[in-house]
Amino acid sequence: MNSTSKKLAVITGASTGIGYELARCCAADGYDLLICADEPEIFSAADRLRTNMTSVQAVNADLATVEGVDELYGAANGRPIDALLANAGRGLGHAFLDQQWNDARRVIDTNITGTVYLLHKVGNEMRSRHDGRILITGSIAGFMPGTYQAVYNGTKAFLDSFSFALRAELKGSGVTVTCLMPGATETDFFERADMLDTKVGQSKKQDAAEVARIGFEAMKNGEGDVVSGWQNKLRSAIALVTPSSVLAEMHRSMAEPGSGEKHR
Ligand SMILES: NC(=O)c1ccc[n+]([C@@H]2O[C@H](COP(=O)([O-])OP(=O)(O)OC[C@H]3O[C@@H](n4cnc5c(N)ncnc54)[C@H](OP(=O)(O)O)[C@@H]3O)[C@@H](O)[C@H]2O)c1
């Protein structure tokens, strides 16, 4: 990217859903954008985000791979990254042993390995400049064992935990780390995870623009974490005082294939 006096935000998973809305928040706040996703739809998202005021560069790369992360990082071309919104992620429904191993692994590689690798690269650069804002999209799913979504919830538990540890390590460095923890949000997520026949897949969900606005504000204010919406705040508070075995059964009722039919 060309160097300019404007700040640069890198947003992953910005083709749709929460990531697209986070990119809109960044653009409205005056950032130039470097956005990434794994399908060519990222280019049409870039066209919609680009204005006379906002320069937008799109990268179509698979962030489940080292090469994809390197491609995204290289696209900044040495320009300092002022904000990193590490949001790309995918879910996967069904019982673990019924999932294809490659699909389960892709969830881990995208949500954990690719995210952490990108954070390592960008975090080092921010720390050396004593300046930066990081937002990681975790989830309230990280608070509960994800029966019929076991791998996904495990990845989000990792990110929720990792975010707080990185924040503590960077205390006083000028770099802040914020974890956005949404609950069920209206995006393509449940269709991509093959969970449209589940109770959670069919439930009323939070608006993605609202979730993104809450996360963006928390990042700007340098907060440690934010759970989007009072119902999710209540759910996460309950999860903290409920035995894991009970939470696992609660999750079964929400995510078991076909639970959406029983729910009607
Ligand atoms: N929706 C919810 O209920 C919910 C709740 C809590 C947390 N979250 C989290 O919110 C984040 C955004 O999800 P969303 O709900 O907005 O779903 P979404 O609309 O499906 O967006 C996911 C984004 O991540 C990108 N992505 C996925 N795998 C990728 C890969 N390997 N490389 C590059 N980009 C990749 C997708 O692009 P491609 O299609 O091009 O791969 C897309 O842009 C995820 O981290 C998710 O875990 C969602």
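Note that the coordinates shown come from a computational prediction; the quantities given were computed from them, not determined experimentally. First listed ligand is number 1; within each ligand, the first listed atom is number 1.
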Check your understanding: Does the ring of Phe189 carry Lys205 above it, NZ/CZ under 6.0 angstrom from centre and within 45° of its axis?
Key -> no
Check your understanding: Between Asp70 and Lys121, is the closest basic N to carboxylate O distance under 4.0 Å?
Key -> yes
Please list every donor-acceptor pair under 3.5 Å in which a side-chain atom of residues 132-146 meets a protein atom from a residue at least two apart or in another chain.
unit_1	atom_1	unit_2	atom_2	d
Arg133	NE	Met219	O	3.2
Arg133	NE	Lys220	O	3.3
Arg133	NH1	Thr176	OG1	3.0
Arg133	NH2	Lys220	O	3.4
Thr137	OG1	Asn87	OD1	2.9
Ser139	OG	Ala141	N	2.8
Ser139	OG	Pro182	O	3.4

Review point. Does Arg106 pair with Asp38 as a salt bridge, N-O distance under 4.0 Å?
Key: yes
Can you give each donor-acceptor pair under 3.5 Å made by side-chain atoms of residues 240-248, sequence neighbours left out, with the distance rounded to 0.1 Å?
unit_1	atom_1	unit_2	atom_2	d
Thr242	OG1	Ile238	O	2.5

Review point. What residues form a side chain to side chain donor-acceptor pair (under 3.5 Å) with Asp225, not counting sequence neighbours?
Key: none
Check your understanding: Under a strict 4.0 Å criterion on non-hydrogen atoms, which protein residues are in contact with ligand 1?
Key -> Gly13, Ala14, Ser15, Thr16, Gly17, Ile18, Ala37, Asp38, Glu39, Ala61, Asp62, Leu63, Ala64, Asn87, Ala88, Gly89, Arg90, Arg106, Thr110, Thr137, Gly138, Ser139, Tyr152, Lys156, Pro182, Gly183, Ala184, Thr185, Thr187, Asp188, Phe189, Phe190, Arg192
